[in-house]
Number of protein chains: 2
Amino acid sequence: MSPSTPGTAAVAASQTRPTPDGEGASRFQQSALAQEVAFLTARSRSRGNALANQMLVDLDLKVRHYAVLAMACSGTNPSQRELGSFLDLDPSQVVALVDALEHRELIRRAPDPRDRRSKILIATDSGHDLYTRASERTRAAERQLLTALTPQEQDELRRLLAKIVF
Amino acid sequence: MSPSTPGTAAVAASQTRPTPDGEGASRFQQSALAQEVAFLTARSRSRGNALANQMLVDLDLKVRHYAVLAMACSGTNPSQRELGSFLDLDPSQVVALVDALEHRELIRRAPDPRDRRSKILIATDSGHDLYTRASERTRAAERQLLTALTPQEQDELRRLLAKIVF
DNA sequence: TTGATAATATTGAAAAAGTCAATCGTTTGC
DNA sequence: GCAAACGATTGACTTTTTCAATATTATCAA
């Protein structure tokens, strides 16, 4: 996933990272592009994704699977359609992801009593177990992603992002 | 690129959007996943990307091309390798993107006087022209993405993202 | 200087992710 | 009751991502 990451664990290189960028904190920080929030969010999500994926490898999960599992564990009983629109996934991608998790018996498709067309996603017991462990990993990844921010700043960031995204 | 966007301009559906989510502001906002900044940044970048791509279609640019063009216009004379690490792109992707833009004579590869292995990216005159127009579009897209935030909040968001990403 | 090692751009292949149209069963609104 | 719309599914296809291999150039130590 990066020039490092040989093949061992995943917790790997967490420290000794003077700057997240490959270059010396990047002489490009002042460029116009670097001021665009579209660019900044893209870079953030790229970093966050890579970090979280590393953390999840030994649970055999990727963040996209994790996201589905998380929603199945949320108690909100989302239908596949709802899940797709929440996660910005095409219905066909949802099918593939749900298939994968269902084959591993982490979640199951339950009939929607309101509408026989739709299927509701619910985590199994082992799904909940795995989610518990996985969410610890993603929490760790988040901690790492946000080390540069104070706790107040972290909250503020969450607030602002939520505001533009919901 | 989306169910809307017939073929006319690009300014299209900017208003009449009670909530950015498909659902009624989403009953999933309270879920644990929705609190993770990895999720929030993913959603932001997804939204921002879609928005910017719409805006750029009639310039025949995607945000990824736009990003390369922007850097070639920045005056920083990035090498391909630098560009790749700045934009989180694999070297082979850089080659493809640069090829595409160079064929359109928007940028060119110049020899790096310091290192004959590397090639420096510089925009042509028409590259600069296109960038000028394109950046207006992405500015508009950003405005739209951030409507929910006050100007101060927008600045704060930029500051926080920059802090975690550089 | 030479020779080993690493770095840059490039190619090509393959896997993953994203997009789209068509279909089946079901629901909704007329 | 019917037509139109909707949710899940399938399959095809494009785009994006990831990786390994290579040629040329740099770097560095002997």
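Note that these values count all heavy atoms, side chains included, but never hydrogens, waters or copies made by symmetry. This structure is a prediction, so every number in the text was calculated from the model and none was measured.
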Taken to the nearest whole Å, CG/A/Asp112 to P/D/dC6 is 16 Å
Residues passing the side-chain contact (heavy atoms from CB on, under 4.5 Å) test with B/Glu156, sequence neighbours excluded, are A/Glu156, A/Leu160, B/Arg159, B/Leu160
Winner on side-chain proximity to A/Lys62, out of C/dA17, D/dC19, D/dT17, is C/dA17
Across all chains, not counting sequence neighbours, the salt bridge (Lys or Arg N to Asp or Glu O under 4.0 Å) partners of A/Arg64 are none
By side-chain contact (heavy atoms from CB on, under 4.5 Å), A/Asp155 pairs with (sequence neighbours left out) A/Arg158
Testing D/dT10, C/dT8, D/dT15 for proximity to the side chain of B/Ser118, the answer is C/dT8
Rounded to whole Å, CG of A/Leu89 lies from P of C/dC20 at a distance of 15 Å
Residues at least two apart in sequence or cross-chain that pass salt bridge (Lys or Arg N to Asp or Glu O under 4.0 Å) with B/Asp125, listed by chain then number, are none
Taken to the nearest whole Å, CZ/A/Arg64 to C1'/C/dA16 is 8 Å
Given the side-chain rings of A/Tyr66 and B/Phe39, with only the six-membered ring counted for Trp, is the space between their centroids under 6.0 Å?
-> no
note: B/Asp60, atom CG; D/dT15, atom P; distance rounded to Å ~ 12 Å
B/Ser126 meets the side-chain contact (heavy atoms from CB on, under 4.5 Å) criterion, sequence neighbours left out, with B/Leu106, B/Thr124
The bend of the helix from C/dT1-D/dA30 to C/dC30-D/dG1, taken between the axes of its five terminal pairs at each end and rounded to 10°, is 40°
Regarding A/Ser79, tell me which of base, sugar-phosphate or nothing describes its non-hydrogen contacts under 4.0 Å with the strands shown. sugar-phosphate
note: A/Arg81, atom CZ; D/dA5, atom P; distance rounded to Å ~ 16 Å
Sequence neighbours excluded, the answer for side-chain contact (heavy atoms from CB on, under 4.5 Å) partners of A/Ser118 is A/Ser79, A/Asp112, A/Asp115
Considering only heavy side-chain atoms of A/Pro91, the closest of D/dT9, C/dA17, D/dC19 is D/dT9
Among the nucleotides C/dT11, D/dT10, D/dG7, whichever has the atom closest to the side chain of B/Val95 is C/dT11
D/dT9, OP1 or OP2 - any side-chain N/O from A/Arg109 closer than 4.0 Å? yes
Protein-nucleotides 26-29 of chain C N/O pairs under 3.5 Å:
unit_1: C/dT27; atom_1: OP1; unit_2: A/Arg116; atom_2: N; d: 2.8
unit_1: C/dT27; atom_1: OP2; unit_2: A/Arg116; atom_2: NH2; d: 3.2

Do A/Glu136 and A/Thr132 have side-chain heavy atoms sitting under 4.5 Å apart? yes
Sorted by chain and residue number, the salt bridge (Lys or Arg N to Asp or Glu O under 4.0 Å) partners of B/Asp88 (sequence neighbours excluded) come out as A/Arg47
Separation of D/dG7 atom P from A/Gln93 atom CD, nearest Å, is 17 Å
note: B/Asp99, atom CG; C/dT10, atom C1'; distance rounded to Å ~ 9 Å
From CD of B/Glu102 across to P of C/dT10 the rounded distance in Å is 8 Å
